[in-house]
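Here is the structure we will look at, set down as structure tokens.
Every heavy atom of this structure was used, including side-chain atoms; hydrogens, water molecules and symmetry mates were not.
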Amino acid sequence: MKKFSSFVALALLCTMFTACSNLKMNRPAAEPSGTTADKPSGDASGESDKKKSDGANIEALEEAMEVGKYNAYVGLNNFMTGRFDQVLNDYFDEFGDEEQPVIDKNFSFTMLSISSSDAKALETQFGFADKAPAFPAIDPVVVRLKPVMNDLTAILTEAREYYKTKGYVDDRFAKGKEMHPKIVKAADAYYAVADEYLKAMAGMGAERRQQSLKKFQENDEQIRYGALKFLTDAQALSAEMEEQGVTAKNILDLDMEKFRAKYDPLVDDLKSLTQNAQDEKRVKKERIDSHYLNSYIEEAQKVKVAASEIIERVNKKREVDEFHLRNRFFTENQDGTPEKFEKTLRDAIQEYNRLK
């Protein structure tokens with residue numbers, strides 16, 4: 001069964017903060033441009049000012065529509081690489097991904113659910129495919145993604161109800177065995193289109209992040225720049241582990257020289273960010289809510305610690321024991337694993353998105 005790579009998932013989760021950043025960077029455009037007392041008198045100048053104002057309003061509206069659509073697609077990304085991926089992994093960890101399910105003799109399973117609010121959000125997000133402005137590289141993929149994802153969601157929801165009510169006790173897993181190959185087939189169809197969608201969004205997200213970093217520097221928003229730079233460099237560290245094919249299972253195979261080359265900038269980022277965040281004048285200048293900023297920094301520190309723990313584990317040549325390799329829940333909660341690093345990074349991204 002195809003699984004999304006951790007780097008792709010993290011890259012897509014990170015796309016949300018570029019969309020939010022764009023809104024924040026453009027906040028001066030939402031402020032009053034002045035009063036009539038500030039403008040030259042006369043009909044000609046008044047008409048000229050009106051045209052300028054109308055043009056600015058149209059531009060602002062178009063930008064708002066573009067950001068709104070992008071955020072909707074990012075929401076779809078986050079659901080696909082977050083909860084939806086968890087539901088799928090949870091199911092296949094239990095039953096396997098072959099045509100027939102593997103059912104343990106001491107079977108006990110509480111299947112994760114897809115909430116009604118998630119289903120409603122999906123419907124809204126898919127609805128942006130035919131809305132302006134057009135995203136030529138992404139809209140057609142969304143159109144193809146909708147039916148396969150809806151089909152998979154429907155069968156997963158049916159399976160969730162079956163296992164929740166212990167229907168397998170009544171029919172001796174007859175319906176479960178009937179549903180399993182349908183889930184495998186629907187998942188295969190979904191992964192094929194989802195991969196294409198995620199790669200297209202990753203490309204757009206990377207471009208937007210660079211634009212955001214550049215504008216933060218131009219506007220002397222060093223806290224916002226540092227916060228985004230930290231996550232961008234944390235992504236690079238995750239990408240390095242992904243490229244090396246390192247997981248909790250083979251963590252001792254990590255090329256430490258390459259890892260440290262990506263780790264050291266992360267350490268510098270955190271030091272710089274922490275220093276700027278302690279400057280009350282700068283915090284006020286950038287109009288950042290100090291509560292959200294402090295929460296973000298706490299999560300960023302956890303990301304750095306998770307990376308440091310990887311170094312410690314490798315240096316001590318301490319393998320992850322077989323018991324904790326059984327599923328992702330265990331590996332995400334073991335010190336010194338790529339899985340724990342990814343989890344802390346996801347949490348940091350969520351806190352970044354709350355920055356105000």
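- No donor-acceptor distance shorter than 3.5 angstrom exists from the side chain of Arg318 to the backbone of Arg313, with no hydrogens or angles considered.
- Partners of Lys302 according to the salt bridge (charged side-chain N to carboxylate O under 4.0 Å, His left out) rule, which considers only residues two or more places apart in sequence or in another chain, are Glu299.
- Legend: residues meeting salt bridge (charged side-chain N to carboxylate O under 4.0 Å, His left out) with Lys175, ordered by chain and number and at least two apart, are Glu158.
- Met65 is linked by a side chain to side chain contact (heavy atoms under 4.5 Å, CB included) to Leu61, Ala132, Pro133, counting only residues two or more places apart in sequence or in another chain.
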Ring pair (Phe, Tyr, Trp, His ring centres under 6.0 Å) between Phe173 and Tyr162, worked out: CA-CA 10 Å; Phe173 288 98; Tyr162 174 74; 7.4 Å; no
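- To the nearest 0.5 Å, atoms CD (Gln217) and CG (Leu228) are separated by 10.5 Å.
- Side chains of Lys146 and Val142 form no contact here, defined as non-hydrogen atoms less than 4.5 Å apart.
- Using a 4.5 Å heavy-atom threshold, the side chains of Glu342 and Met241 count as separate.
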Run the side-chain contact (heavy atoms from CB on, under 4.5 Å) test on Phe107 and Phe95 for me, step by step, so that the C-alpha distance in whole Å, both residues' side-chain angles and the decisive distance to 0.1 Å come before the verdict. CA-CA 10 Å; Phe107 180 80; Phe95 296 107; 3.6 Å; yes
Please evaluate residues Leu76 and Met201 with respect to the criterion side-chain contact (heavy atoms from CB on, under 4.5 Å), reporting the C-alpha separation (whole Å), side-chain torsions for both, the decisive distance (0.1 Å), and the verdict. CA-CA 10 Å; Leu76 175 58; Met201 285 297 290; over 6 Å; no
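- Looking at residues two or more places apart in sequence or on another chain, you find a side chain to side chain contact (heavy atoms under 4.5 Å, CB included) between Asp118 and Phe79, Arg83, Ile114, Ser115.
- Residue pairs that meet the salt bridge (Lys or Arg N to Asp or Glu O under 4.0 Å) test with at least one member in residues 123-145, sequence neighbours left out, are Lys69-Asp139, Arg144-Glu196.
- Rounding to the nearest 0.5 angstrom, the gap separating the CD atom in Gln86 from the CG atom in Asp93 is 11.5 Å.
- Residues passing the side chain to side chain donor-acceptor pair (under 3.5 Å) test with Lys120: none are found, sequence neighbours excluded.
- There is a path of hydrophobic side-chain contacts, each under 4.5 Å, that joins Leu112 to Leu88.
- Scored by the side chain to side chain donor-acceptor pair (under 3.5 Å) test, Tyr91 finds His180 as partners (sequence neighbours excluded).
- Residues Leu273 and Ile223 share a closest heavy-atom pair of CD1-O, 3.6 Å.
- Side-chain atoms of Thr337 do not come within 3.5 Å of backbone N or O of Ala248 as any donor-acceptor pair.
- A side-chain donor-acceptor contact under 3.5 Å links Glu286 to the backbone of Arg224.
- With sequence neighbours left out, the side chain to side chain donor-acceptor pair (under 3.5 Å) criterion links Thr124 to no other residue.
- Of the possible donor and acceptor atoms, none in the side chain of Asp279 sits under 3.5 Å from a partner among the backbone N and O of Asn276.
- The heavy-atom pair separating Ile138 from Ala200 by the smallest distance is CG1-CB, 3.9 Å.
- The two residues Ser113 and Val87 have their closest heavy-atom pair at O-CG2, 3.8 Å.
- Contact of the Phe216 side chain with the Lys229 side chain is not registered, since no non-hydrogen atoms from C-beta on lie closer than 4.5 Å.
- The closest donor-acceptor contact from the side chain of Ser272 to the backbone of Asp269 lies at 3.5 Å or more, if one exists at all.
- Looking at heavy atoms from C-beta onward, Leu152 lies out of side-chain contact with Val148 at the 4.5 angstrom threshold.
- Panel note: side chain Gln244, backbone Asp255; a donor-acceptor pair is recorded below 3.5 Å.
- Side-chain contact between Phe126 and Val143 is absent, with no heavy-atom pair separated by less than 4.5 Å.
- The distance between the ring centers of Tyr352 and Phe230 does not fall below 6.0 angstrom.
- Annotation for Leu293 and Ala277: closest pair CD2-CB, 3.8 Å, computed over non-hydrogen atoms.
- Scanning for side chain to side chain contact (heavy atoms under 4.5 Å, CB included) contacts around Glu312 gives Glu309, with sequence neighbours left out.
- Across all non-hydrogen atoms, the minimal contact from Gly75 to Gln125 is C-NE2, 3.6 Å.
- With no hydrogens or angles considered, a side-chain donor-acceptor pair links Asn77 and Tyr197 at under 3.5 Å.
- Heavy-atom neighbours of Glu280 CD from other residues, nucleotides or ligands within 6.0 Å: at or below the threshold of 12.
- Glu178 meets the salt bridge (charged side-chain N to carboxylate O under 4.0 Å, His left out) test with Lys182; sequence neighbours excluded.
- With sequence neighbours left out, Lys262 forms a side chain to side chain contact (heavy atoms under 4.5 Å, CB included) with Ala236, Leu237, Glu240.
- Rounding to the nearest 0.5 angstrom, the gap separating the CZ atom in Arg160 from the OG1 atom in Thr153 is 14.5 Å.
- Expressed to the nearest 0.5 Å, how far CZ of Phe135 lies from CE of Met204 amounts to 5.0 Å.
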Might you work through the ring pair (Phe, Tyr, Trp, His ring centres under 6.0 Å) test for Tyr263 and Phe341, ending with a clear yes or no? CA-CA 12 Å; Tyr263 169 82; Phe341 176 80; 9.2 Å; no
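- Counting only heavy atoms from C-beta outward, the side chains of Val184 and Phe92 approach each other to under 4.5 Å.
- The six-membered or imidazole ring of Phe109 lies away from that of Tyr168, with a centre-to-centre distance of 6.0 Å or more.
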side-chain contact (heavy atoms from CB on, under 4.5 Å) between Ile310 and Val246, worked out: CA-CA 11 Å; Ile310 290 175; Val246 173; over 6 Å; no
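- Looking at heavy atoms from C-beta onward, Arg282 lies in side-chain contact with Asp220 at the 4.5 angstrom threshold.
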Begin with the C-alpha distance, continue with both residues' side-chain angles, and end with the deciding distance and a verdict on side-chain contact (heavy atoms from CB on, under 4.5 Å) for Glu243 and Lys258. CA-CA 11 Å; Glu243 185 174 341; Lys258 292 181 179 179; over 6 Å; no
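- Applying the salt bridge (charged side-chain N to carboxylate O under 4.0 Å, His left out) criterion to Arg260, with sequence neighbours excluded, gives Asp264.
- With rounding to the nearest 0.5 angstrom, the NZ atom of Lys304 is 9.5 Å from the CD atom of Gln301.
- Looking only at side-chain heavy atoms (C-beta outward), Arg346 and Glu332 come within less than 4.5 Å of each other.
- Between the OG atom in Ser238 and the CG atom in Leu231 there is a gap of 12.0 Å [rounded to 0.5 Å].
- Of all non-hydrogen atoms in Asn106 and Asp104, the two that sit nearest each other are N-OD2, 2.8 Å.
- Checked against Ile183 for a side chain to side chain contact (heavy atoms under 4.5 Å, CB included), the options Asp188, Leu156, Asp97 give a single hit: Leu156.
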